[in-house]
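To find a chain, count down the sequence lines: A is the first, B the second, and so on, and within it residues start at 1.
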2 protein chains.
Amino acid sequence: MGTGLDLPLDQILVGDCIEALRSLPPASVHAIFADPPYNLQLRGDLRRPDDSLVDAVDDDWDKYDSFAAYDAFSRAWLTEARRVLRRDGTLWLIGAYHNIFRLGVALQDLDFWILNDVIWRKANPMPNFRGRRFTNAHETLIWAARGQESKYRFNYAAMKSLNDDQQMRSDWFIPLCTGAERLRDAAGVKLHPTQKPEALLHRVILASTAPGEIILDPFLGSGTTAAVAKRLGRHFIGIERDPGYAAAAAARIAAIAPIASAAALSLPSKREQPRVPFGVLVERGLIPAGSRLQDRARRYSATVGADGTLRCGAFAGSIHKVGAALMEAPSCNGWAFWYAETPGGGLRLIDEFRAEINQGLVA
Amino acid sequence: MGTGLDLPLDQILVGDCIEALRSLPPASVHAIFADPPYNLQLRGDLRRPDDSLVDAVDDDWDKYDSFAAYDAFSRAWLTEARRVLRRDGTLWLIGAYHNIFRLGVALQDLDFWILNDVIWRKANPMPNFRGRRFTNAHETLIWAARGQESKYRFNYAAMKSLNDDQQMRSDWFIPLCTGAERLRDAAGVKLHPTQKPEALLHRVILASTAPGEIILDPFLGSGTTAAVAKRLGRHFIGIERDPGYAAAAAARIAAIAPIASAAALSLPSKREQPRVPFGVLVERGLIPAGSRLQDRARRYSATVGADGTLRCGAFAGSIHKVGAALMEAPSCNGWAFWYAETPGGGLRLIDEFRAEINQGLVA
DNA sequence: ACCTCACATGAATCGGCGG
DNA sequence: TCCGCCGATTCATGTGAGG
């Protein structure tokens, strides 16, 4: 197992993606983000209605002889990527209709387990100039665990916070990478044809990694993955075939200042907070043993035991078990069911007592 | 070739989808909408595109066998669907990440040509109750022509009108099928687990068919495709294996009243207007021979010939050729370039004269 | 300083018809 | 089948010049 010491952390490996992946130890990175060639099959020029020419992706690296050749390439690098991925790691892919279906099938056939497909809705896509199709206004990401039974990280609370305290959906509305963020040469010409916006990687990295973890990008290109990883206090490993792109990415990354504040990086996740059993509230006297809890409608009341169990008539057990028994429900979240009497005669949800502990308001 | 008379127009064929497709003549329908099952609970024969039989379905399939069986089933019915589709027809598929990648690859491998993938963004998706993934808030449609070189119908103007006079994008925001639209049995239980909203089919049918054309749904289910087709003045052919669903769909369709007004169904499209050559404007005296045309900035002027050609210095030819030559552009739409002098001394685009003829304002 | 307008540009599988 | 001509077609952003 890699200890981290034998990994090329925060470096860019210049060379072929499959060979570079083979040089890495197995089960060594926490996440992979890959933006592989799209296999666009463009034929003639495209002009805008004002007769200006669209600057299309016509690079050699995007040319494949056939679907079969593209599939073989995809499966080769995905196989190595899976080997390098930790058992609890996840992999992100991005593509468009030209290639994303083939990538998805390759993932499934290689035993990855798809968790979500995610739609990047472009705020400002290029219009369809000829009026022959729908405006191609999105790209598709696939998020997958290493296997069906794999554990994986999903920073649910961080995503919910990012989305105004509503669950993050599978469709993300994010502008294209333009303006000052876009890398350009001295003449002002874009350096890379498909530079991804940092906002997209911000969400990907925040959702699926923790500070200090390692994210690998086998098609680093202009270096967006590495730049955002560094800013968010994650380690990166980049692989890029083109020395020019690698050099530009390295310069870009060097200019990034990581977020200094540990507090800004640690997003509170209920799941990761030390679990506070109900008994601790009793132990600390927030809810005294022997006091009574009520449901919201005051239809039921129960007595708090010194061991953190409740008793209500014939029923005894955890706050969850007793709640479920009274409601005749298969399960019940006791934290959201039981209220304690306040000195003023009102009711206060027991989860609020727990929140005080989690927020450090109670010693 | 089907004349329409030998087709089961506006009927539901109850039975196996592949057999029913085989009973239809080739190149006979204008569009296909398919919402195939992806639960892998396949019964009956599965045949590969080469007509070989897939091994019997039993319970101890591993995952590969399941994917392989689903792929074989998909390719079998898609092969028949492609045979039945007219050369200028298009096919729509809908699915989620469990199956849509496999369907997309099958399409590409069978020589369909993908025109767009379209995202149905659900206004009201089911939340992710466990908080372990992103809320699955969309499904994916694929829109494909029969082949790379195929002509196909795209009612661009209708889609633009539907979207506040902006190009229709590839992401559609549409609510789930709920409330009165949802078919239920006498006990109020939903009749079909995946009934699609009529709004979705409205957009699909409006985009890719003309009134009087034929749309086929090989997995009719609750009959949404047929219901919307009938309302929009299209013919449908439905295939459904389950007699219960077929009966419910038939009752639903019978209650639909088609839109009576031909005007409400008509598709305003400049492309479909009869072509009026510039010479006709000269012929009819709207723009007299010998008069002069100007560009908008009055940088160029040209003399109108009696045969509908323009002359400007050394250049002579059609309104398009002369415009392109003056602009040093590879091409030019003369109708949008040249203006005639009005009696008041202003300029009027020559396309406006043509519009008068198209609108019948000029004899 | 602020507003307006012109211009540039983005992963794009972007014609149809007649001769 | 190929070739040539007709003629239909764009949205959100950012930048920079000019008023």
Per [X] side chain, nearest of listed nucleotides [options]:
X	options	value
A/H98	C/dA12, D/dA12, D/dC11	C/dA12
A/N136	C/dC14, C/dG10, C/dA12	C/dA12
A/P127	C/dA12, D/dG14, D/dT10	D/dT10
B/Q166	D/dG7, D/dC11, C/dA12	D/dC11
A/D55	D/dC6, C/dG10, C/dT9	C/dG10
A/L40	C/dA11, C/dC14, D/dT10	C/dA11
A/V54	C/dG15, C/dA11, C/dA12	C/dA12

[X] near the nucleic acid: base, sugar-phosphate alone, or nothing, with a heavy-atom cut-off under 4.0 Å?
X	value
B/N333	base
B/R169	nothing
A/A123	sugar-phosphate
A/T194	base
A/K196	base
A/R182	sugar-phosphate
B/S318	sugar-phosphate
A/G44	base
A/P125	base
A/D35	base
B/I114	base
B/C332	base
A/R47	nothing
A/P197	nothing

Could you let me know what [N] is paired to, Watson-Crick or G-U wobble, both distances under 3.5 Å, or none if it's on its own?
N	answer
D/dT9	none
C/dG19	D/dC2
C/dA6	D/dT15

Side-chain ion pair, [X] and [Y], N-O less than 4.0 Å:
X	Y	value
B/R82	B/D111	no
A/R252	A/E198	yes
B/E341	B/R298	yes
A/D60	A/K63	no

Does B/R275 get its side chain close enough to the base of C/dG18, under 3.5 Å, for a donor-acceptor pair? no
Quickly work out the B/L349 CG to D/dG7 P distance and round it to whole Å. 14 Å
Tell me: CE of A/M126 to C1' of D/dT13, nearest whole Å? 15 Å
Note: for A/R48 and B/L115 on DNA chain C, the residue whose nearest nucleotide lies more 5' is A/R48
Starting at the 5' end of DNA chain C and moving along, which residue's nearest nucleotide shows up first, A/C177 or B/Q108? A/C177
Is the NZ or CZ atom of A/R132 positioned over B/Y152's six-membered ring, under 6.0 angstrom from the centre and within 45° of the axis? yes
With a cut-off of under 6.0 Å to the ring centre and 45° to the axis, is A/R102 in cation-pi contact with A/F67? yes
Give me the ring orientation class for B/F134 and A/W172: parallel if the planes are under 30° apart, tilted from 30 to 60°, perpendicular past 60°. perpendicular
Under 4.0 Å between a side-chain N/O of [X] and OP1 or OP2 of [N], yes or no?
X	N	answer
B/R354	D/dA8	yes
A/R132	C/dG16	yes
B/K160	D/dT10	yes
B/K151	C/dG15	no
B/H320	D/dC6	no
B/K321	D/dC5	yes
B/Y156	D/dT10	yes

Nearest-angstrom distance, [atom1] atom, [N] to [M]:
N	M	atom1	answer
C/dC7	D/dT10	C1'	14 Å
D/dC5	C/dA12	P	30 Å
C/dG18	D/dA8	P	15 Å
D/dG19	C/dA1	C1'	13 Å
D/dT9	C/dC17	P	15 Å

Checking A/R47, A/K190, A/R48 against A/D55 for salt bridge (Lys or Arg N to Asp or Glu O under 4.0 Å), the one that qualifies is A/K190
Can you work out whether B/R271 or A/N124 has the more 5'-proximal nearest nucleotide on DNA chain D? B/R271
5'-most by nearest nucleotide on DNA chain D - A/T178 or A/T135: A/T135
Gap separating the OH atom of A/Y38 from the CH2 atom of A/W61, nearest 0.5 angstrom: 9.0 Å
